Q: 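The following block contains the structure, expressed as structure tokens.
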Amino acid sequence: MKAVRVRFSPAPTGSLHVGSARTALFNYLFARHHGGDFLLRIEDTDRTRTREEWVVGIQDSMRWLGLDWDEGPILQSQRNAIYRTAADDLLERGRLYECFCTEEELKQRSDAARAARKQPGYDGHCRDLSPEQRRDLAAEGRPRTLRFRTPDEGASRFADEIRGEVRVEWSTIPDFVVVRPDGTPIFFLANAVDDLEMGITHVIRGEDLLDSTHRVLALREALGGSAPPLYAHLPLILGPDRSKLSKRHGAVALEEFRDAGYLPEAVCNYLALLGWAPDDGREVMDLDEITSAFSLEGVTHASAAFDHQKLDWMNGEWIRRLTLRELEARALPLAEARFGDRLDLARFQEALRIGQERAVTVGALLEQMDFLLVDDEDLVIHDDAWARLAGTERVAELLDVVDAHLATCAWTLEGVDLRPPLTEAGFKVRKVMPALYVAVEGRPAGLPLFDSM
RNA sequence: GCCCCCAUCGUCCAGCGGCCCAGGACGCCGCCCUUUCAAGGCGGUAACGGGGAUUCGAAUUCCCCUGGGGGCACCA
């Protein structure tokens, strides 16, 4: 196999989504496994849908995950001249033709075709205009797009690395637009030109792009490109209910996972296991281990449902694998964001040490240490707390004992034992445990109140 | 409507013709540990969508059906 060159080419129309992140990860894994190059190419040809902050955000998320790239980011929006030249050449050679239909006309005819139970999509209206007709249409001030002339017969086929032979009849693929009226290229053109020029050897992307491959390949061929890259289409990631993964299923943007206190190791690990598995069945693996075990052959064909519970478990595993120092480094930024200048480092560290063995996410752990770092009046009392207190006898007295004792000492989780004073006051410690947690932590359960060894 | 892809426990995967009355992980249930909740240990529950065909033998091959997903833009 020649030197591997792959690229991750997101459209910056939003922050990095778990589906795209998985695609980026698989490209990274494939490149690193084979000692090849991994490029980052930003497909921002549609200026109306892209934003600078998203191209920055995508890179931030990739760095957070630990997916470093070798070249880029290459912005397609800055390569217009290249696509322009390619399009002119294609037009001259008759592979492209000018189309003067307006979007409204297109939609109207497409709807009509649909109503007549015929194929919607472009009808070839401007396919064979005479030079005079083109001149007149242009003179009317109509928008001018460039369309690719699709073969009239035969089939397009290619061997997908994970799906095998894929084939579709050209008759089902209408002529498609490749250059907008403003001269900017559409995905198909920019994609074909770039993959060719950048020497991409393998295209690893989501299955949603499977059908578009035929068009990109035809364009590449028209461009004079030989030896097209090998394509590998990944199964899609679905929501827990098997519908399209979206916000209503919970967090979907990498930033959200980061802010909720998920570890990048866990997210990578979980994402890698969504649609892939190593031969030996290992599950908890770091990026290097996954890299050396990675192979496209291990990629599944069926789309996978995103399971937040398994991610949570995975994250707990990773929190426990980190040294306390490492965990502290990861948690500090989140703690600063949550507690601001009330962050007491000593208490934070103690809570982290005690919480590490029970945590699911750093975010949840931080929530549990609220009572240590937030002023009493600002402490948010957990919903279930009041019910717990209400069900306990001598609540007021209990609170008094707790307050009185805490007033006598510098409070730390392990340095203060509330049991003796409670016993002395006639409480059965075992019976008042739930209420005790509410009294001290503002929640029915949380960080251990005293050394329970 | 048309085209394409896919199909093993609730979920993620293993299985690539006999080793499978199907294995692991998450979840769930139970027990142990425990002066909260967890974490941890042990055990359990649970699946080859349906129908044909090939074969001595099919979860594994082929066909049909059904189901799920994707695509059919001047988005990518």
Side-chain angles (χ1 to χ4, degrees), chain A residues 9-13 43-46 48-50 99 101-103 106-107 110 113-122 143-147 160 163-164 166-169 171-174 176-182 184 186-188 190-191 205-214 233 235-236 238 240 242-244 270 273-284 298 300-314 316 320 355-360 368 388 419 422 428-438 440-441 443-450 452-453:
Chain A
S9 46
T13 55
E43 310 221 322
D44 57 349
T45 59
D46 185 348
T48 66
R49 293 162 40 98
T50 64
C99 173
C101 298
T102 65
E103 291 190 73
L106 253 19
K107 185 176 187 310
S110 198
R114 206 186 296 273
R117 292 184 24 208
K118 294 209 270 194
Q119 253 208 78
Y122 190 64
R144 183 197 103 151
T145 61
L146 261 29
R147 279 181 192 276
D160 189 272
R163 269 149 226 285
V166 179
R167 177 201 149 96
V168 65
E169 293 295 324
S171 61
T172 64
I173 304 179
F176 53 96
V177 173
V178 145
V179 177
R180 298 186 180 88
D182 68 3
T184 59
I186 290 295
F187 162 76
F188 304 105
N191 200 268
R205 34 134 70 154
E207 195 197 346
D208 53 333
L209 294 171
L210 186 62
D211 290 319
S212 75
T213 307
H214 299 97
H233 286 92
L236 263 21
L238 272 25
R242 301 215 131 263
S243 68
K244 186 178 159 79
Y270 177 69
L273 260 22
L274 221 43
W276 174 81
D279 293 334
D280 56 19
R282 270 178 301 165
E283 297 226 274
V284 184
T300 26
H301 296 185
S303 40
F306 193 92
D307 183 355
H308 288 274
Q309 286 183 311
K310 185 149 187 177
L311 204 214
D312 284 350
W313 165 79
M314 182 70 82
R320 254 147 254 131
Q356 180 172 25
E357 69 181 45
R358 67 220 306 117
V360 173
Q368 289 197 321
R388 280 305 179 94
R419 287 170 290 186
L422 284 171
K428 273 236 182 305
V429 174
R430 181 179 215 119
K431 289 196 78 172
V432 299
M433 280 305 279
L436 189 56
Y437 273 88
V438 171
V440 180
E441 301 194 9
R443 47 175 56 232
L447 258 13
L449 275 177
F450 30 75
S452 56
M453 295 188 292

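Source: prediction; values computed, not measured. Chain letters run A, B, ... following the sequence lines, proteins first, then strands; residues in each count from 1. In what follows, every heavy atom counts, from backbone to side chain, and hydrogens, waters and symmetry copies are set aside.
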Q: Check the distance between G24(B)'s C1' and Trp313(A)'s CH2 and give it to me in whole angstrom.
A: 11 Å
Q: Pairing check on A22(B): which nucleotide meets the Watson-Crick or G-U wobble criteria with it, both distances under 3.5 Å?
A: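 Base partner found: none.
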Q: To the nearest Å, how far apart are Leu274(A) CG and A25(B) C1'?
A: 13 Å
Q: Can you measure Glu283(A) atom CD to C26(B) atom P for me and round it to whole angstrom units?
A: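 The answer, rounded to whole Å, is 7 Å.
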Q: Which letters describe nucleotides 6-11 of chain B, given B = protein heavy atom under 4.0 Å from base, S = only from sugar-phosphate, - = neither?
A: SS---S
Q: Between C29(B) and C72(B), how far is it from one C1' atom to the other, in whole Å?
A: 48 Å
Q: Which base sits across from G43(B) as a Watson-Crick or G-U pair, both distances under 3.5 Å?
A: C29(B)
Q: Pick the C1' atom in A14(B) and in A22(B), then give their distance to the nearest Å.
A: 10 Å
Q: Report the distance from atom CG of Leu273(A) to atom C1' of C13(B), rounded to the nearest whole Å.
A: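 Roughly 7 Å, once rounded to whole Å.
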Q: Trp276(A) CH2 to A14(B) C1': how many Å, rounded?
A: 13 Å
Q: Hey, does Gly355(A) reach any base, or is it just sugar-phosphate, or nothing, if we go heavy atoms under 4.0 Å?
A: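 Nothing: the residue Gly355(A), judged by heavy atoms under 4.0 Å, touches no strand.
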Q: Round to a whole Å and report the spacing from CZ of Arg443(A) to P of U36(B).
A: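 Atom CZ in Arg443(A) sits about 16 Å away from atom P in U36(B).
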Q: What does the B/S/- profile of nucleotides 71-76 of chain B look like, 5' to 3', with a 4.0 Å heavy-atom cutoff to protein?
A: S-SBBB
Q: Quick one: Leu311(A) CG to A25(B) C1', roughly how many Å, whole number?
A: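 It works out to 14 Å between those atoms.
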Q: My understanding is that only residues two or more places apart in sequence, or in another chain, count here; which of them pass side-chain contact (heavy atoms from CB on, under 4.5 Å) with Ser212(A)?
A: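 Checked Ser212(A) against side-chain contact (heavy atoms from CB on, under 4.5 Å); matches are Phe187(A), Phe188(A), Arg205(A), Leu209(A), Arg215(A).
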